[in-house]
Amino acid sequence: MTKPLEGIKIIDFTHVQAGPACTQLLAWFGADVVKVERPGSGDVTRTQLRDIPDVDALYFTMLNSNKKSLTLDTKKPEGKEVLTKLIKESDVLVENFGPGALDRMGFSWDTIRELNPKMIVASVKGFSDGHHYDDLKVYENVAQCAGGAASTTGFWDGPPTVSAAALGDSNTGMHLAIGILTALMGRQKTGKGQRVAVSMQDSVLNLCRVKLRDQQRLDRLGYLEEYPQYPHGEFSDVVPRGGNAGGGGQPGWVLKCKGWETDPNAYIYFTIQGHAWAPICRALGKPEWIEDPHYATPQARQPHIFDIFNTIEQWLADKTKFEAVDILRKFDIPCSPVLSMKEIANDPSLRASGTITEVAHKERGTYLTVGSPIKFSDLKPEVTASPLLGEHTDEVLASLGYSNEDIARLREAQAV
Ligand code: COA
């Protein structure tokens, strides 16, 4: 089967997580992704948090599948010569270096578009161009703090809290992938490439849209009716941390199930969807609540919502999280068990859909990774192993027209 992005050549000048997540996605969909890495060391994640001595770490293998690896010292003249050739023959260059690094290397946007006017240059930075922090280097949690996620996550009596989800890294990579695909579509119409820039702060903020909604509601009303602070607690002039409250108009909470005393994940998330109130009452064996004026509307329930959650917890006390969800799903109640990573790794449905997939690696044996979360009717993205450092150097150089003697010369100069 021809993959949609087959024929699109990508220079993958990325490292750590944000950039690699983007190019990995494009590689799954068929793009020819050549990862350019410093000779001798490569992407720093190859050696970070290793679980097997001298073998590429999972951090690297799980973010760099389906790619080729070309080692190239792009600070040496010989390395620049190779990169120049690559730029002339490629469609997209993706990078997430610290601010100004590509310019310092001698490959500014102006230089690149002169070499190849069709080139799309896609960058991740911590902050957007012109931002008063645009000189800062940024990692995941820095972005979560700068993008509004940390100040609104956690409990009101605790500090700002970061999420385990890579809102700053992989999320920014996904935004960049959308930008690249848009620029490719644009190029089909204009014949011209363009710069695509995504900042980690902006990408986090894009996912915190409802918190900016809440700031404006708070400014106007002085309270937020769906937050646990309402109606008994205090509001200041900033959006508070809401614990496990639902972010929209549907109150919800994480509730204890059988075994919570010893199992840190024996919980479900329970949502009280307004129009599902009657089924909820029937599921809980509380049919009298359906018409009771203290319970019948969201407004009536909110002042004693935690008493309602307590009652639901009593109902859950003799049910495992899986048993509870199996009952509640029959009543059309939006809920889920809190799944541990171990449960997710062994989930038969996730395995069957390819969202959790096993990959064979030359040196590490088989490992688990997250496959494409995007499903297509005519494409089944297949995840192949990440490359060893420099595994495809000779192959890529030969495809650029270098002879064996040329390759030897580049090796002599320690450029590859
Ligand atoms: N050959 C020669 N030099 C290379 C090279 C290669 N193949 N690849 C990278 N380099 C050089 C760069 O040119 C740069 O040199 P310079 O600073 O002397 O000009 C140098 O390596 C370091 O690059 P940098 O990206 O600044 O690395 P760092 O380890 O100091 O910082 C980050 C890491 C992630 C903090 C930084 O890259 C960053 O802020 N990136 C943007 C935001 C981002 O993506 N962060 C999240 C990552 S998940």
Side-chain angles (χ1 to χ4, degrees), residues 11-25 34-49 57 59-60 62-64 67-87 93-108 111-112 121-129 131 133-147 162-177 179 196-204 387 389-390 392-393 396-397 410-411 413-416:
I11 304 171
D12 180 11
F13 229 162
T14 70
H15 62 162
V16 202
Q17 185 174 164
C22 165
T23 49
Q24 174 171 260
L25 189 88
V34 175
K35 185 165 174 105
V36 177
E37 298 181 83
R38 216 191 303 237
S41 50
D43 189 326
V44 68
T45 59
R46 286 189 184 267
T47 54
Q48 266 180 5
L49 309 175
Y59 198 6
F60 179 83
M62 292 176 74
L63 283 154
N64 290 285
K67 303 181 184 178
K68 292 175 183 158
S69 168
L70 161 72
T71 48
L72 203 57
D73 187 332
T74 52
K75 286 197 172 163
K76 296 207 159 120
E78 295 83 356
K80 288 186 200 296
E81 167 200 310
V82 177
L83 183 59
T84 302
K85 272 182 183 268
L86 256 184
I87 288 172
L93 182 151
V94 190
E95 63 92 20
N96 68 318
F97 293 128
L102 204 59
D103 292 359
R104 288 195 293 278
M105 213 183 267
F107 291 93
S108 66
T111 308
I112 294 174
V121 175
S123 302
V124 167
K125 296 287 167 266
F127 295 88
S128 58
D129 278 352
H131 188 286
Y133 285 152
D134 72 0
D135 56 333
L136 275 175
K137 290 185 174 181
V138 169
Y139 284 108
E140 173 67 54
N141 292 346
V142 177
Q144 291 200 25
C145 291
V162 296
S163 164
L167 308 177
D169 282 344
S170 279
N171 167 48
T172 305
M174 299 305 105
H175 278 79
L176 192 67
V196 182
V198 180
S199 90
M200 295 168 74
Q201 180 190 39
D202 292 358
S203 302
V204 172
L389 180 62
H392 304 93
T393 300
V396 175
L397 293 176
L410 293 170
R411 285 199 193 289
Q414 295 182 351
V416 297

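Every number for a ligand or one of its atoms is a count from 1 in the order of the listing.
- Ligand 1 lies less than 4.0 angstrom from a heavy atom belonging to Ala18.
- Between Leu83, Leu72, Asn96, it is Leu72 that holds the heavy atom closest to atom 7 (N) of ligand 1.
- Distance from atom 45 (N) of ligand 1 to its nearest protein heavy atom, with residue and atom name: Val138 O, 2.7 Å.
- With respect to atom 27 (O) of ligand 1, the closest heavy atom belonging to the protein is His15 CE1, 3.7 Å.
- In this structure, of Lys35, Arg38, Lys75, Met105, the residue bringing a heavy atom nearest to atom 16 (P) of ligand 1 is Lys75.
- With a 4.0 Å heavy-atom cut-off, ligand 1 is reached by the backbone of Thr74 and by its side chain too.
- Scanning the protein heavy atoms around atom 19 (O) of ligand 1, the nearest turns out to be Arg104 NE, 2.8 Å.
- Ranking the protein heavy atoms by distance from atom 29 (O) of ligand 1 puts Tyr139 OH, 4.3 Å first.
- A heavy-atom separation below 4.0 Å is not found between Lys76 and ligand 1.
- Contact annotation: for Glu140 versus ligand 1, there are no heavy atoms closer than 4.0 Å.
- Side chain of Thr45 to main chain of Gln48: no donor-acceptor pair is present (N/O by atom type, distance under 3.5 Å, no hydrogens or angles).
- Between the Lys75 side chain and the Met105 main chain, no donor and acceptor come within less than 3.5 Å of each other.
- Atoms of ligand 1 lying under 4.0 Å from at least one heavy atom of Val124, given by number and element, are 41 (C), 44 (O).
- Note: Leu389 CG to Glu37 CD = 5.0 Å, rounded to the nearest 0.5 Å.
- Separation of atoms CG (Leu86) and CG (Leu72) is listed at 7.0 Å; rounding is to 0.5 Å.
- Side chain of Glu78 to main chain of Leu410: no donor-acceptor pair is present (N/O by atom type, distance under 3.5 Å, no hydrogens or angles).
- The closest protein non-hydrogen atom to atom 23 (O) of ligand 1 is Phe97 CD2, 4.2 Å.
- For ligand 1, the atoms lying closer than 4.0 Å to a non-hydrogen atom of Glu37 are 7 (N).
- The nearest protein atom to atom 36 (C) of ligand 1, hydrogens excluded, is given as Gly98 N, 3.6 Å; this is a heavy-atom distance.
- Within ligand 1, counting atoms from 1 as listed, the ones closer than 4.0 Å to a heavy atom of Val16 are 47 (C), 48 (S).
- Taking 4.5 Å as the limit, some side-chain heavy atom of Asp43 sits within range of a side-chain heavy atom of Pro20.
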Go through Tyr139 and Met200 one step at a time and tell me if the side-chain contact (heavy atoms from CB on, under 4.5 Å) criterion holds.
CA-CA 9 Å; Tyr139 284 108; Met200 295 168 74; 5.8 Å; no
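- Remark: side-chain polar atoms of Lys35 are not paired, donor with acceptor, to backbone N or O of Gly42 under 3.5 angstrom.
- For the atom pair Phe107 CZ and Leu93 CG, the distance stands at 9.5 Å (nearest 0.5 Å).
- The atoms of ligand 1 that sit less than 4.0 Å from any heavy atom of Asp73 are 1 (N), 2 (C).
- Each of Gln201, His131, Glu95 was checked for a side chain to side chain donor-acceptor pair (under 3.5 Å) with Lys125, and the lone residue meeting it is Glu95.
- The heavy atom nearest to atom 30 (O) of ligand 1, considering only Glu95, Lys137, Gln17, is found in Lys137.
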